[in-house]
Amino acid sequence: MTEPLVPRMREFGETIFAEMSALATATGSINLGQGFPDGDGPGAMLDAAVEAIRSGGNQYPPGPGVPELREAVAAQRLERYGLSYDPMSEVYVTVGATEGIAASVLALAGPGDEVIVFEPYYDSYAAVIALAGAVRRPVMLRPVEGRFTFDPDELRAAVGPRTKAVLVNSPHNPAGTVFTRGELEAIAAVCREHDLVAITDEVYEYLTFDDTEHIPLATLDGMRERTVSVSSAGKTFSATGWKTGWVTAPARYVRAVQTVKQFLTYAVSAPYQRAAAYALSNEIAWVAELRKSLQAKRDRLVTGLEAAGFTAYRPQGTYFVQADIRPLGFSDGLELARALPAKAGVVAIPTQVFYDHVEAGAHFVRFAFCKKDEVIDEAVERLRRLA
Ligand code: PMP
Ligand code: GLN
C-alpha cells in the first residue's frame, strides 16, 4: 500500500505529548510530561463560560473574535507592555496559540522560504513550517552557567537570502529561558537589518519567576511594525483545554493571518472567548498567585530532581525543568523516557524530539511542575529509585 500522507509531513508521527500521555495512562504513571496543570483556573472565569453558554451565546461568533475579547487583549497589551493595538484591525482571535502560530507561518512563509527557530523548539513549529513548504533554520540554545542561551553570531549566520521570519518563543518551552533585553536586541537587530518578520510565542508571558521580566519583542525599537505576537489563555488561566488564543500585529499582518485562519477554522468557540475576556480583565491578581505558587513548585521539583541524581536547570519561566540524565548513567533521553514508567512510574518528555541536532539534546528530559505538591513529591520519591 502506498503511504497516503503527503511527503512533506512524513517526518512527523504522533506528537510526543500524545505518546507520553498515553503511556502515562496505560501504565498509571505520574504524568510530568505534557504540560497541563492539575488544578482549574479562577472560579469566576469558569462561571463566565457557563453563563456564556446558558445565555445563548452558542452560535458562530465573528471570525476575528468577539469584540469584548479583542478589546480585552488590546487593553492587556497596552497596560502591561505599553503596546497599543487597535482591537478591531490589529487583534485576531485564534484556536489557541497553536493556530495563531500556524496561521502566521502559513500566511508569511511560502515554499522554499526559510524560518529561523531556536532549538530545542516547540514541536508544532517544525510541523507548520513543513506544511507551508518552508524550511526551518535552527539556532542552538546551549546551557551557559545554568541557563540556555544562543550565540548571536550563530543567529546572524543562520540568515540567508530566503529567510522570511524568525520564530521567537520567550519564556521558552522547553528550555525555561526568558530572553533578556540583550538577547532580544540581538534578534531585533537581525530582523531590522534583513527585513524579517518576527513571530513571537508568548504563551508563558505571565509565568516568570524571581525578578525575571517578560519583555515582548514588539516593544523594542522598530519591532512593533514587524512583529506578529501570539499568546493564549491556556497557561495564564490554567485552562489549556479551552484553546483560546490571539494574535496582535499591525493591520497588514493581521489581514494576512486572517486570510489563512478563516479557512482553517473560521472562528473560535464563542463561550470560551467571553470567559477569556472576563479573565484578562478581572483575574490578573489570580495569575500573580499562580505565578508565586509555580515558583515554589519549580524549586520543589528542582531540589527533588537534584536529590534523585539529575543535573536540573532551574527555569526562569514556563513550567518545565530540563534535567540532564548523564549523572545517573543514562545517555539517551528518548530511551529513558520510554522506560521510565516501568523503572519509576513517572512520565517525562525526551527533549531531543525538539532538536534538529538530536545529539545536542539527547541527554535531556523535561519534567513539568504545574502539579500539586504531593504529586511532585511522590514523583521525586519514585525517581530516587533510579540511582
Ligand atoms: N507554544 C508553546 C511554547 C507551548 O508550550 C504551547 C502549549 N501550551 C503552545 C504554544 C500552544 O498553546 P495553545 O494551547 O494555546 O494552543
Ligand atoms: N504545550 C504543552 C507542552 O509543552 C503540550 C501541548 C500539546 O499537547 N500539544 O507540554
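Just so it is clear, the values below take in all heavy atoms, side chains as well, and ignore hydrogens, waters and symmetry mates. On a predicted model such as this, the values are computed, not experimentally measured, just so you know. Order of appearance sets the numbers: ligands from 1, and atoms from 1 within every ligand.
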Undergrad: Under 4.0 Å from a heavy atom of Y122: which atoms of ligand 2 are those, numbered in the order shown and with their elements?
TA: 1 (N), 4 (O), 5 (C), 6 (C), 7 (C), 9 (N)

Undergrad: Would you please name every residue forming a side chain to side chain contact (heavy atoms under 4.5 Å, CB included) with T180, sequence neighbours left out?
TA: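 T180: side chain to side chain contact (heavy atoms under 4.5 Å, CB included) contacts with R147, E183.
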
Undergrad: Need the ligand 2 atom indices (1-based, order shown) with element for anything under 4.0 Å from a heavy-atom of K235.
TA: 1 (N), 2 (C)

Undergrad: Between R142 and E154, is there a side-chain N and carboxylate O pair less than 4.0 Å apart?
TA: yes

Undergrad: When you group the ILVMFWY residues by side-chain heavy-atom contacts below 4.5 Å and let the links chain together, are V66 and V91 in the same group?
TA: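 In one cluster with V91: V66, yes.
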
Undergrad: Which one holds for F320 and ligand 2: side chain close, backbone close, both close, or neither close, with close meaning a heavy atom under 4.0 Å?
TA: side chain

Undergrad: Is F17 in polar range of ligand 2, meaning some N or O pair under 3.5 Å apart?
TA: no

Undergrad: Would you check if there is a donor-acceptor pair between the side chains of T265 and K261 at a distance under 3.5 Å?
TA: yes

Undergrad: Is it the case that R70 places NZ or CZ above or below the six-membered ring of Y85, under 6.0 angstrom from the centre and within 45 degrees of the axis?
TA: no

Undergrad: Could you check ligand 1 for N or O atoms lying under 3.5 Å from protein N or O atoms and list the pairs with distances?
TA:
{"residue": "ligand 1", "atom": "1 (N)", "partner": "D201", "partner atom": "OD1", "Å": "3.4"}
{"residue": "ligand 1", "atom": "1 (N)", "partner": "D201", "partner atom": "OD2", "Å": "2.5"}
{"residue": "ligand 1", "atom": "5 (O)", "partner": "N173", "partner atom": "ND2", "Å": "2.7"}
{"residue": "ligand 1", "atom": "5 (O)", "partner": "Y204", "partner atom": "OH", "Å": "2.7"}
{"residue": "ligand 1", "atom": "8 (N)", "partner": "K235", "partner atom": "NZ", "Å": "2.3"}
{"residue": "ligand 1", "atom": "14 (O)", "partner": "K243", "partner atom": "NZ", "Å": "3.1"}
{"residue": "ligand 1", "atom": "15 (O)", "partner": "A97", "partner atom": "N", "Å": "2.8"}
{"residue": "ligand 1", "atom": "15 (O)", "partner": "S232", "partner atom": "OG", "Å": "2.7"}
{"residue": "ligand 1", "atom": "16 (O)", "partner": "A97", "partner atom": "N", "Å": "3.1"}
{"residue": "ligand 1", "atom": "16 (O)", "partner": "T98", "partner atom": "N", "Å": "2.9"}
{"residue": "ligand 1", "atom": "16 (O)", "partner": "T98", "partner atom": "OG1", "Å": "2.5"}
{"residue": "ligand 1", "atom": "16 (O)", "partner": "K243", "partner atom": "NZ", "Å": "2.7"}

Undergrad: Would you say that more than 12 heavy atoms from the other residues, nucleotides or ligands in this model lie under 6.0 Å from the CZ of R181, or not?
TA: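 12 or below, so no.
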
Undergrad: Do me a favour and list the nearest non-hydrogen protein atom to atom 8 (O) of ligand 2 with residue, atom name and distance?
TA: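 Closest protein heavy atom to atom 8 (O) of ligand 2: Q34 NE2, 2.6 Å.
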
Undergrad: Out of all atoms in ligand 2, which are within 4.0 Å of some heavy atom of N173? Include the element for each.
TA: 3 (C), 4 (O)

Undergrad: Taking E114 as the fixed residue, which of R136, K164, R137 is the one that meets the salt bridge (Lys or Arg N to Asp or Glu O under 4.0 Å) rule?
TA: R137

Undergrad: Nearest 0.5 Å, what's the CG-CG distance between D377 and D373?
TA: 6.5 Å

Undergrad: Is the NZ or CZ atom of K371 both under 6.0 Å from the centre of the six-membered ring of F36 and within 45° of that ring's axis?
TA: yes

